[in-house]
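Structure record follows, encoded as structure tokens.
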Amino acid sequence: QVQLVESGGGLVQAGDSLRLSCAASGRTFSNYAMGWFRQAPGKGRELVAAISWSGSNTNYADSVKGRFTISRDNAKNTMCLQMNSLKPEDTAVYYCAATRGFSSGSIYATDRQYNYWGQGTQVTVSS
């Protein structure tokens, strides 16, 4: 089992920055590929960014490329999402997710591929 806890959400204005963190406990964190997903009201859950267990591979939704950066620190069992130039359309509940990686470079883009989820943290961007 892997337990995930997100933090760092909040209410900001358009153009501001936020840094989300995901703290993991349980199994060996470094064997797990990770991802950030979000779900806005009335919409489905979508991938924001994903990272392999080695950190060597990353993947971003087109809507956040160039503004968001995903990173991880396996020594500290943490993953972060740096969000810059936030827009009102970024408003959503953000979830941290983990899944056992096939290899050190594997990344996963769909929510069905992830086995462990955090409780979510609200990000609200006002215009």
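Residue numbers run from 1 in the order of the sequence given.
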Between atom [atom1] of [X] and atom [atom2] of [Y], what is the distance when rounded to the nearest 0.5 Å?
| X | Y | atom1 | atom2 | value |
| --- | --- | --- | --- | --- |
| Met34 | Asn74 | CE | CG | 9.0 Å |
| Arg112 | Asn115 | CZ | CG | 13.5 Å |
| Tyr32 | Tyr116 | OH | OH | 4.5 Å |
| Arg100 | Asn31 | CZ | CG | 4.5 Å |
| Thr110 | Arg45 | OG1 | CZ | 10.5 Å |
| Arg72 | Ile51 | CZ | CD1 | 6.0 Å |

List in chain and number order the residues that pass side chain to side chain contact (heavy atoms under 4.5 Å, CB included) with [X], two or more places apart in sequence or in another chain; answer none if no residue qualifies.
| X | result |
| --- | --- |
| Gln82 | Ser17, Arg19, Thr69, Asn84 |
| Ser85 | Arg67 |
| Ser56 | Ser52, Ser54 |
| Thr78 | Asp73, Lys76 |

Heavy-atom donor-acceptor pair, [X] side chain to [Y] backbone, under 3.5 Å:
| X | Y | answer |
| --- | --- | --- |
| Glu6 | Gln119 | yes |
| Ser127 | Pro88 | no |
| Thr121 | Gly9 | yes |

Got a sec, which pairs hit disulfide bond (SG atoms under 2.5 Å apart) with one end in [range], sequence neighbours left out?
| range | value |
| --- | --- |
| residues 98-127 | none |
| residues 97-127 | none |
| residues 20-70 | Cys22-Cys96 |
| residues 32-92 | none |

Heavy-atom distance under 4.5 Å between the side chains of [X] and [Y], does that happen here?
| X | Y | answer |
| --- | --- | --- |
| Ile70 | Met79 | yes |
| Leu81 | Val48 | yes |
| Thr58 | Ile107 | no |

field: Those residues that, when tested against Lys65, pass salt bridge (charged side-chain N to carboxylate O under 4.0 Å, His left out) (two or more places apart)
entry: Asp62

message: Which residues pass the salt bridge (charged side-chain N to carboxylate O under 4.0 Å, His left out) test with Arg38, not counting sequence neighbours?
response: Glu46, Asp90

query: Taking ILVMFWY side chains as joined if any heavy atoms are under 4.5 angstrom apart, and letting links pass through other members, which residues group with Leu47?
result: Phe37, Val93, Tyr95, Phe102, Tyr108, Tyr114, Trp117

task: Please write out which residues are connected to Trp53 in a hydrophobic cluster, directly or through intermediates, given that two of Ile, Leu, Val, Met, Phe, Trp, Tyr count as joined at side-chain heavy-atom separations below 4.5 angstrom.
output: none

task: Compute whether any side-chain donor of one residue and acceptor of the other, for Thr91 and Glu89, lie under 3.5 angstrom apart.
output: no

Can you name the nearest heavy-atom pair linking [X] to [Y], along with the distance?
| X | Y | value |
| --- | --- | --- |
| Lys43 | Gln39 | O-NE2, 3.0 Å |
| Gly105 | Asn57 | O-ND2, 2.6 Å |
| Phe68 | Tyr94 | CE2-OH, 4.2 Å |

